[in-house]
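The next block holds one structure in the form of C-alpha cells; read it before the comments.
In this chain, numbering begins with 1 at the start of the sequence shown.
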Amino acid sequence: MPPLARCSAPAVAQGSSAVVAEIGAGLQARRPHISPKYLYDTLGSRLFEAICELDEYYPTRTEAAIFARHGEDIAACIGQDISLIDLGAGNCAKAASLFPLLRPRQYVPLDISAEFLGEAVAGLQQRFPAIAMTPLGVDFSAGFQLPEHISQARRVFFYPGSSIGNFSPPQAVGLLRNLRDNLGGDGGLLIGIDLVKQSSVLDAAYNDALGVTAAFNLNLLRHVNRLAGANFDLRQWQHCAYFDEAASRIEMHLQAQCDITVRWQGGARQFARGERIHTEDSYKYTRSGFRQLLESAGFEAVQYWTDPANWFAVLYARAVAR
C-alpha cells in the first residue's frame with residue numbers, strides 16, 4: 001500500500017493579511033461581493049454534500065446518471081493508466097465512482113478545504129490501496145502549478161458538477177488555459193457542464209424547500225467572521241438566488257434584513273436594508289457556446305454525453321498540440 005501523502009497547508013489561512021485584504025476589498029466595492037471559494041470551509045463542504053441529495057438539485061444525480069449510462073464509452077475515450085487530477089474534489093465520491101472504469105495509477109484531488117479533503121482521502125485510500133493518492137489543499141481558481149512529483153504523463157483533469165459555471169466566461173477561459181499549461185501533449189479534461197433550460201427548474205435548484213442552500217450561503221458569513229475577524233450576524237441576512245436569463249447565469253446573494261454596520265479587521269461598511277452581497281454565479285451553457293470556450297483555451301472537444309432531457313452534459317476534451 002503506497003503511503004498517504006499529507007495535505008499541504010490549508011489554501012485559506014485564518015487571519016492572513018492577504019485573505020483579510022481580499023475580503024475587505026470585496027465588501028468595500030461599489031457592488032459588494034465575497035468570493036464563492038469562501039463557501040467551502042469544513043461545514044460548507046458538508047452542507048454542499050447535503051445540497052447534492054436534494055430533490056430540487058438535479059445536477060448531481062443527472063451527471064451521475066450520465067456516467068452510469070456511458071461510463072464504458074467514457075473510459076474507452078480516455079484510456080487507462082492515467083493520473084486523475086480532481087478539481088474541487090470535496091468528498092472525492094465522484095472520482096471514486098469512476099476508479100473501476102478508469103483505473104488510474106495516481107489520484108490527485110485538489111480542494112480549498114484541505115482538512116475536509118484529508119479526511120476524505122484517508123478513507124478512500126483504504127478502499128483503493130493500489131492507487132497512489134496525493135491530496136493537495138489548493139485554491140486552483142487563482143492559478144497553480146502542479147508539484148514536480150505528480151506524474152506528467154497522461155494527466156487527465158476531472159472537473160465535474162458544472163463548477164466551471166462559477167467563473168465568468170473570461171475567467172473560465174483563464175482557468176482552462178491554466179489547466180492546459182499543466183497538461184502534457186497526451187493529457188485531457190473530463191468536465192461536466194450545466195446546460196441552458198427552463199428558468200423554473202434552475203430557480204428551484206437554488207431555492208430548495210428545506211433551506212439547505214440558504215444555510216450553505218449564510219455559512220459563508222460565519223466563515224468570513226473567522227477568517228477576517230468580521231462581526232456578521234447571520235440572523236440579519238437572507239439568502240437570495242435567481243436566474244438572470246440575459247446573462248445565462250444563476251446569481252446568489254445575501255440580502256441585509258435591516259440597516260447594519262459590518263466591521264472586519266481594518267475596515268467597516270454600512271449596509272442599508274435590502275442591500276446585497278454577491279456570493280456566487282453559476283453560468284449555464286449551450287453545447288456550441290462551451291465548445292467555443294474550450295477552443296479559446298487550447299482544447300478540442302472530443303466527445304459529448306448528455307442525459308435524455310439535455311439538462312446536463314459531460315465531455316472529454318484533449319489539449320491541442322502546440
Side-chain angles (χ1 to χ4, degrees), residues 1-2 4-5 48-49 52-53 57-111 117 120-136 140 146 150-164 176 179-180 182-195 287 290-291 294 299-319:
M1 171 178 173
L4 174 64
F48 185 72
E49 281 187 329
C52 293
E53 299 294 328
Y57 194 75
Y58 64 86
T60 302
R61 64 175 179 272
T62 306
E63 184 180 53
I66 293 172
F67 282 121
R69 183 175 182 180
H70 301 287
E72 291 186 1
D73 191 22
I74 292 171
C77 186
I78 296 174
Q80 297 181 351
D81 194 36
I82 62 171
S83 289
L84 188 64
I85 304 160
D86 189 359
L87 301 175
N91 64 7
C92 306
K94 291 183 179 181
S97 69
L98 299 179
F99 285 175
L101 287 170
L102 298 180
R103 299 180 184 178
R105 66 176 181 278
Q106 185 177 36
Y107 175 56
V108 186
L110 277 59
D111 201 277
L117 179 64
V121 172
L124 193 62
Q125 184 74 86
Q126 294 180 2
R127 291 173 52 202
F128 298 95
I131 301 174
M133 298 188 184
T134 306
L136 299 173
F140 62 84
L146 287 172
I150 304 299
S151 174
Q152 296 189 17
R154 299 278 290 129
R155 288 179 174 177
V156 173
F157 281 104
F158 181 48
Y159 200 20
S162 71
S163 295
I164 189 70
L176 291 169
L179 299 185
R180 174 64 183 83
N182 276 276
L183 288 172
D186 56 355
L189 169 68
L190 181 64
I191 188 169
I193 57 171
D194 201 5
L195 300 176
R287 288 175 58 167
F290 196 76
R291 184 183 298 113
L294 285 170
F299 286 93
E300 57 182 354
V302 174
Q303 182 69 52
Y304 278 90
W305 300 271
T306 63
D307 61 287
N310 285 308
W311 278 11
F312 201 93
V314 172
L315 65 90
Y316 181 62
R318 291 200 186 106

Verify, without hydrogens or angle tests, whether D307 (side chain) and T62 (backbone) share a donor-acceptor contact under 3.5 angstrom. no
So, for L102 and A75, which heavy atoms are closest and what is the spacing to 0.1 Å? CD2-CA, 3.9 Å
Taking atom CD1 of I164 and atom CD1 of I191, what is their separation to the nearest 0.5 Å? 4.5 Å
Taking the side chain as every heavy atom from C-beta outward, state whether I85 and V156 have any atom pair closer than 4.5 Å. no
Any non-hydrogen side-chain atom of L195 less than 4.5 Å from a side-chain atom of S162? no
Taking atom types as modelled, is there a side-chain donor on S151 or R105 under 3.5 Å from an acceptor on the other? yes
Under 3.5 Å donor-acceptor, D111 side chain and L117 backbone: no
Heavy-atom closest contact (P129 atom, Q126 atom, distance): CD-O, 3.7 Å
One pair to check against side chain to side chain contact (heavy atoms under 4.5 Å, CB included): D86 and L110. What are the steps and the verdict? CA-CA 6 Å; D86 189 359; L110 277 59; over 6 Å; no
Non-hydrogen atoms of F312 and P59 that approach each other most closely: CE1-CB, 4.0 Å
Side-chain contact, heavy-atom cut-off 4.5 Å: P104 with I131? yes
Would you mind reporting whether L315 and V302 have side-chain heavy atoms less than 4.5 Å apart? no
Kindly compute the distance separating CD1 (I150) from CG (L146), expressed to the nearest 0.5 Å. 6.5 Å
Does the R318 side chain pair with the main chain of I78, one donor and one acceptor, at a distance under 3.5 Å? no
Do the two ring centres, one from F158 and one from Y316, sit under 6.0 Å apart? no
If you apply the rule side chain to side chain contact (heavy atoms under 4.5 Å, CB included), what do you find for N91 with E49, and how did you get there? CA-CA 8 Å; N91 64 7; E49 281 187 329; 2.6 Å; yes
Taking all non-hydrogen atoms of both residues into account, name the closest pair between R287 and Y304 and its distance. O-OH, 3.2 Å
Ignoring hydrogens and angles, tell me if any N or O in the side chain of Q80 forms a donor-acceptor pair with the backbone of R103 under 3.5 Å. no
Residue pair K94 / F67, side-chain heavy-atom distance below 4.5 Å: no
Could you tell me whether the side chain of E72 reaches within less than 4.5 Å of the side chain of L101, counting heavy atoms only? yes
Measuring only between side-chain heavy atoms, which start at C-beta, is L189 closer than 4.5 Å to L179? yes
For the pair E63 (side chain) and I66 (backbone), establish whether a donor and an acceptor sit closer than 3.5 Å, ignoring hydrogens and angles. no
Show your working on ring pair (Phe, Tyr, Trp, His ring centres under 6.0 Å) between F99 and Y107 and close with a plain yes or no. CA-CA 9 Å; F99 285 175; Y107 175 56; 5.1 Å; yes
Contact check, side chains of T134 and Q106, non-hydrogen atoms, under 4.5 Å: yes
Okay, side chain of R155, backbone of N182: is any donor-acceptor separation there less than 3.5 Å? yes
Can a side-chain donor-acceptor contact be found between D194 and Y58 if the only test is distance below 3.5 angstrom? yes
W305/C77 under side chain to side chain contact (heavy atoms under 4.5 Å, CB included): CA gap, chis, key distance, verdict: CA-CA 11 Å; W305 300 271; C77 186; 4.2 Å; yes
Minimum heavy-atom separation for C92 and A120, please, with both atom names. SG-CB, 4.1 Å
Chi angles and distances behind the side chain to side chain contact (heavy atoms under 4.5 Å, CB included) call for L183, F157: CA-CA 8 Å; L183 288 172; F157 281 104; 3.6 Å; yes
When rounded to the nearest 0.5 angstrom, what distance separates CZ in R291 from CD in E300? 11.5 Å
